[in-house]
Protein chains: 2
Amino acid sequence: MAISERKKKILAALVEEYIRTAEPVGSKAIAQSAGLGCSSATIRNELSELTSLGFLEQPHTSAGRVPTPAGYRMYVNELMQRQKLSLEETEEINARMNQKLQQLDDTIGDISRLASQLTDYPALALTTRTAVTIRRFDIIYVDANTFIIVVMLSDNTVKNKLVHLPISVDQKQVQRLSSLFNSGFTGITDDQITPLLINSTERAADDTMGLTSVIAAFAIEVLSASAAPSSFISGENRLLHQPEFRDPDKAHKLMGYLSGGGYILPPENDFVGGNGDIRVLIGPENVAEELKDSSVVIASYDAGDNTKGLIGVVGPTRMDYSAVAAKLSVLAQGLSRRLGGSTEAPPEGMHNKLIIKGDNFNE
Amino acid sequence: MAISERKKKILAALVEEYIRTAEPVGSKAIAQSAGLGCSSATIRNELSELTSLGFLEQPHTSAGRVPTPAGYRMYVNELMQRQKLSLEETEEINARMNQKLQQLDDTIGDISRLASQLTDYPALALTTRTAVTIRRFDIIYVDANTFIIVVMLSDNTVKNKLVHLPISVDQKQVQRLSSLFNSGFTGITDDQITPLLINSTERAADDTMGLTSVIAAFAIEVLSASAAPSSFISGENRLLHQPEFRDPDKAHKLMGYLSGGGYILPPENDFVGGNGDIRVLIGPENVAEELKDSSVVIASYDAGDNTKGLIGVVGPTRMDYSAVAAKLSVLAQGLSRRLGGSTEAPPEGMHNKLIIKGDNFNE
DNA sequence: ATTAGCACTCGGATAAAGAGAGTGCCAACA
DNA sequence: TGTTGGCACTCTCTTTATCCGAGTGCTAAT
């Protein structure tokens, strides 16, 4: 789809103006803003062609133009100049990220909050781990009726559980179980913890009190919880900043979908894509019905050890793609670096590959 | 403030009708709905008096009446019949609570989500623990450069941290530290962990590698994190259900305040109040400017062991106080019971004391 | 190929008119 | 004295009509 250089300039100017104002853009405005020395009449001709090419549309006969999803797509793929954050901006993001990551706690929530603050759109963060296994079991004997199970996972997180028993156990027994679990339950995934395995362990431990199954249940719980993708969304209320969501019903519908944990990406695509890649889904390119007239920008990161994550931002199709992409990119790279993922940090630039999705609008 | 029986009935009918419809209520509507056999003209006279008493107001001369905050207050304090959930409803809430509490994880978040779902208003949950101390230290030696700190707190939660060191330590050293911490750092609160204490421990342990301060820092972090009130809010988007928040600016302002973790209660009042008490703050009774024309219903619970919590719901002053209070009450009581707080469960009724706040509207 | 000019269209803002709901008050009544 | 029907009045909301202007598409001139 080759279009003239001037058309490109006009389209870019129009999209940017529309992103800024949220009002249909007319020929005169473009004639002034875009630095090409020609009159509004010329622009009108060009606009007319761009419209028939499917990049623009008119809300009604006598209004300015508005980009179609295909128009945005063209903008994102070819026109938009990748915004490069200033060193200060990048620094600031990194600083805030550091601050957030200091407390081990609620990383994913914090990151999503941060992304939302930075972009002023609702943001979500997902992580998934594949093939998590237990690396090590420890059982701390507290008293005759109490012990603490501590497991260290292959991704270097540590989980624990306090167990109270109605009956007494002796320390020896606990130690025996601990070593049995360390030999039998480490290095395997949750679906490999079969009733068979549990049974044989129980017999080997000479356990008549059901301790084995308690511990095994915890192992399964921990493993499956770690493997399950976790997600967090925040800043839904920022949607209300956007004029296209002044209609409370619309806003509510989308916000409900988002806070209900609705899928953003088709599950099978969720975690593909390398480190720092940015994906943009424009309007109807989204799979979820609720997102059909919104856009999503997603950055992937790789935290190593089979852990991948996404940070995404949701907004109207009239989104400031360029700024959002730049910011998410810094975030994603920072996360990869910090969480110990691959270290292929780009020399210094924030330019990332854009995975193009759904650009087959006009063939 | 004694008002006639009939006035009370009329006021109650009006408030309930307004809660239902969100439209100013006229004399005719009341004449029909309230079962008192008198004509709309009579009602009009009564309404007029109720208005001059300050319980009602008119949006404009020729509209129906709307309750003032004082009117709601009167309704909540004296008129509203405490709604008693049916056994099934109570059961259902309890079942859902059980389900949520199964996974240890994110209790406070889950509870707030549940409250929001049940009431269809935004809900928030807070907990605070006072005087948390460490009950027990364990340090698990993983390898020469790695160990896991496990601390068990006075509230029976267990926290851990994985520590990687650039240098090697030997197992003996770790054991010595463990026992030193167990004797020196247990049973004290975070502000009692002084540099002095850390120094003397360091010397006693003959620790030249700074392990002591790492462990002490973790102890402080854990203690202060446990003592700090944590809060969670969810369902902000449900505000948009309410006609009074059809104005996106209003909605956004409040939602922003809520998700920004704004204070609901004046800090000094936060956690007073016994188990299952319900507090209602109507409109201007709220301290936060952003809440001045919203209402808040709050249930307190006591999870024992110096742990207190709140579950609250935010909505327009035209809130279904009675239903909300009933539901929160079940939730709060369920939480107390489950989290091991006091067991003074009311015989079976859901009737709770209402702490009256700010009922000095008409003296 | 570009531009100025002009008729035309259509949505949004503004104003006027009408409808309806509800009040307040008065006079009649139990 | 308390209650009721009646009625004029008020005020908002809705509808209808009108106007204005931004922006287009087309044509003719450059």
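Residue numbers begin at 1 in each chain, while the letters A, B, ... track the order of the sequences. Reckoned from all heavy atoms, side chains included, excluding hydrogens, waters and symmetry mates.
The separation between A/Asn45 atom CG and D/dG25 atom C1' is 9 Å, rounded to whole Å. Atom CD of B/Glu23 is separated from atom C1' of C/dG22 by 13 Å (rounded to the nearest Å). The distance from atom NZ of B/Lys7 to atom P of D/dG2 is 10 Å, rounded to the nearest whole Å. What separates CD of A/Glu46 from P of C/dT2 is a distance of 7 Å, to the nearest Å. Whole-Å rounding puts the A/His60 NE2 to C/dG12 P distance at 6 Å. D/dG25 atom P lies 11 Å from atom CD of A/Glu49, rounded to whole Å. For the pair B/Leu50 CG and C/dG24 P, the computed distance is 12 Å after rounding to whole Å. One can place NZ of A/Lys28 at 7 Å from P of D/dA22, the figure rounded to the nearest angstrom.
Residue A/Lys7 qualifies as enclosed at atom NZ: its count of foreign heavy atoms under 6.0 Å is above 12.
A donor-acceptor contact under 3.5 Å is formed by the side chain of A/Ser62 with the base of C/dT9. For B/Arg44 against D/dG6, a side-chain N or O and a base N or O form a donor-acceptor pair under 3.5 Å.
Each of A/Gly37 and B/Leu47 lies near DNA chain C, and the nucleotide nearest A/Gly37 is the one positioned closer to the 5' end. Mapped onto DNA chain D by nearest heavy atom, B/Ala41 and A/Gly26 fall at different nucleotides, with B/Ala41 at the one closer to the 5' end. Of the two residues contacting DNA chain D, namely B/Thr61 and B/Arg6, the nearest-nucleotide position lying further toward the 5' end is that of B/Arg6. Residues A/Cys38 and B/Arg65 both approach DNA chain C. Their nearest nucleotides, taken by heavy-atom distance, put A/Cys38 toward the 5′ side.
Between atom OH of residue A/Tyr18 and atom CZ of residue A/Arg318 there is a gap of 6.0 Å, rounded to the nearest 0.5 Å.
Between B/Lys327 and B/Asp120 no salt bridge is recorded (no basic side-chain N to carboxylate O distance below 4.0 Å).
Remark: the backbone N or O of B/Phe245 is not paired with any side-chain donor or acceptor of B/Gln242 at under 3.5 angstrom.
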Candidate pair A/Tyr257 and A/Glu289, rule side-chain hydrogen bond (donor to acceptor under 3.5 Å, both in side chains), full reasoning
CA-CA 10 Å; A/Tyr257 180 72; A/Glu289 200 49 49; over 6 Å; no
Checking side-chain contact (heavy atoms from CB on, under 4.5 Å) for the pair B/Leu310/B/Arg279: CA distance, chi angles, key distance, verdict?
CA-CA 10 Å; B/Leu310 297 177; B/Arg279 271 174 288 177; 3.7 Å; yes
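Nearest heavy-atom pair, B/Leu239 versus B/Met255, reported as atom, atom and distance to 0.1 Å: CD1-CG, 3.7 Å.
Among the protein residues, B/Ser40 comes within range of no part of the nucleic acid, since none of its heavy atoms lies under 4.0 Å from any strand.
Over its full length, the helix from C/dA1-D/dT30 to C/dA30-D/dT1 turns its helical axis through 20°, comparing axes from the five pairs at each end and rounding to 10°.
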